[in-house]
Amino acid sequence: MNVTLVDLCHQTGLVPLDHLDFEADIPVIDGLQAQGDLIVVPSAMLAGVVSTPDRAGWTEVPPEGVVLLRGEDGGNPHTLVADPGVCRWIAGAHDRDRLALGLFEATAPVYLLHPEHGASGCAPGTYVVRRQRELSGRREVRLIAD
């Protein structure tokens with residue numbers, strides 16, 4: 001079954017901006033993907049950099065989603081959306097680079113929804129959710145603000 005932006009809007013109650021195509025199918029990929037100031041990385045790509053926290057803190061992602069990151073000054077949220085029973089999430093992780101917001105494990109496709117950027121899908125697997133950073137000037141590294 002193909003999932004569209006309008007499907008996710010009905011599920012979560014979030015309303016994306018009008019410039020997006022609400023009827024477009026949302027692609028599901030199993031690799032690295034970015035959405036504004038957030039980047040989702042398959043956990044195997046960060047082996048030795050990020051370690052998974054104790055299993056006790058994991059929670060099921062509800063159908064209305066979990067906000068992974070809210071934009072600067074209370075801006076638009078990046079929301080992880082999943083059908084019941086297919087995804088769990090944990091905030092925080094030991095990250096050598098101090099960029100991890102958390103991890104999620106999915107047994108079916110899940111979606112990242114953002115009112116300005118639209119949505120993208122993540123194939124089943126385990127992913128690390130991180131902040132993106134960029135070089136500013138010669139040596140200054142800063143987080144990307146969306």
Side-chain angles (χ1 to χ4, degrees), residues 3-5 7-9 11-21 24-146:
V3 173
T4 65
L5 191 54
D7 295 328
L8 294 179
C9 292
Q11 183 172 336
T12 63
L14 294 172
V15 180
L17 300 179
D18 289 339
H19 71 276
L20 299 170
D21 181 355
D25 289 341
I26 298 169
V28 175
I29 60 174
D30 63 359
L32 187 69
Q33 55 184 294
Q35 191 182 73
D37 48 357
L38 187 95
I39 190 163
V40 177
V41 184
S43 62
M45 293 177 76
L46 293 171
V49 177
V50 176
S51 60
T52 306
D54 182 353
R55 297 281 185 213
W58 292 76
T59 59
E60 292 291 321
V61 173
E64 63 275 10
V66 170
V67 173
L68 303 178
L69 178 65
R70 186 167 291 281
E72 296 263 328
D73 300 321
N76 294 320
H78 295 272
T79 304
L80 177 63
V81 182
D83 288 332
V86 303
C87 186
R88 58 192 194 146
W89 155 261
I90 189 165
H94 176 69
D95 182 352
R96 185 173 74 203
D97 299 326
R98 295 180 292 171
L99 295 171
L101 299 171
L103 293 98
F104 67 87
E105 293 179 339
T107 58
V110 298
Y111 300 90
L112 299 170
L113 178 61
H114 187 275
E116 186 178 5
H117 304 302
S120 60
C122 297
T126 302
Y127 297 86
V128 179
V129 179
R130 297 176 104 190
R131 294 289 311 264
Q132 287 203 79
R133 62 184 173 184
E134 63 186 359
L135 287 176
S136 173
R138 290 196 134 184
R139 293 184 176 211
E140 181 184 354
V141 175
R142 65 180 178 178
L143 295 176
I144 293 176
D146 180 28

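From a predicted model like this one, the values you see are computed outputs, not experimental measurements.
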Within the 4.5 Å heavy-atom criterion, are [X] and [Y] side-chain neighbours or not?
X    : Y    : answer
V40  : L112 : yes
Y127 : E105 : no
L103 : V129 : no
V128 : F104 : no

**Message:** If you apply the rule side chain to side chain contact (heavy atoms under 4.5 Å, CB included), what do you find for R131 with D37, and how did you get there?
**Reply:** CA-CA 6 Å; R131 294 289 311 264; D37 48 357; 4.1 Å; yes

Nearest non-hydrogen partners of [X] and [Y], listed with the distance:
X    : Y    : result
C122 : V28  : C-CG1, 3.7 Å
Q35  : A119 : NE2-CA, 4.2 Å
A93  : A100 : CB-CB, 4.2 Å
C87  : L80  : SG-CD2, 4.0 Å
W89  : L101 : CH2-O, 3.8 Å

**S120 side, atom OG; L38 side, atom CG - distance, nearest 0.5 Å** =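 With rounding to 0.5 Å, OG (S120) is 9.0 Å from CG (L38).
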
**Request:** Quick one: pull up CZ in R130 and CG in L32 and give me the separation to the nearest 0.5 Å.
**Result:**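 If we round to the nearest 0.5 Å, R130:CZ and L32:CG are 10.0 Å apart.
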
**Message:** For R88, is there an ion pair with E60 - N to carboxylate O distance below 4.0 angstrom?
**Reply:**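 Result for this pair is no, no salt bridge flagged.
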
**Any residue meeting side-chain contact (heavy atoms from CB on, under 4.5 Å) with A34, in chain and number order, not counting sequence neighbours** =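 Once residues adjacent in sequence are excluded, the partners of A34 under the side-chain contact (heavy atoms from CB on, under 4.5 Å) criterion are I39, Q132.
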
**Partner set under side-chain contact (heavy atoms from CB on, under 4.5 Å) for V86, not counting sequence neighbours** =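 Listed in chain order: A82, D83, T107, A108, V110.
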
**Request:** Taking D97 for its side chain and L99 for its backbone only, find out whether a donor-acceptor pair lies under 3.5 Å.
**Result:**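 A pair under 3.5 Å: no.
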
**Polar side-chain atom of Q33 near backbone of G121 as donor-acceptor pair, under 3.5 Å** =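 Present.
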
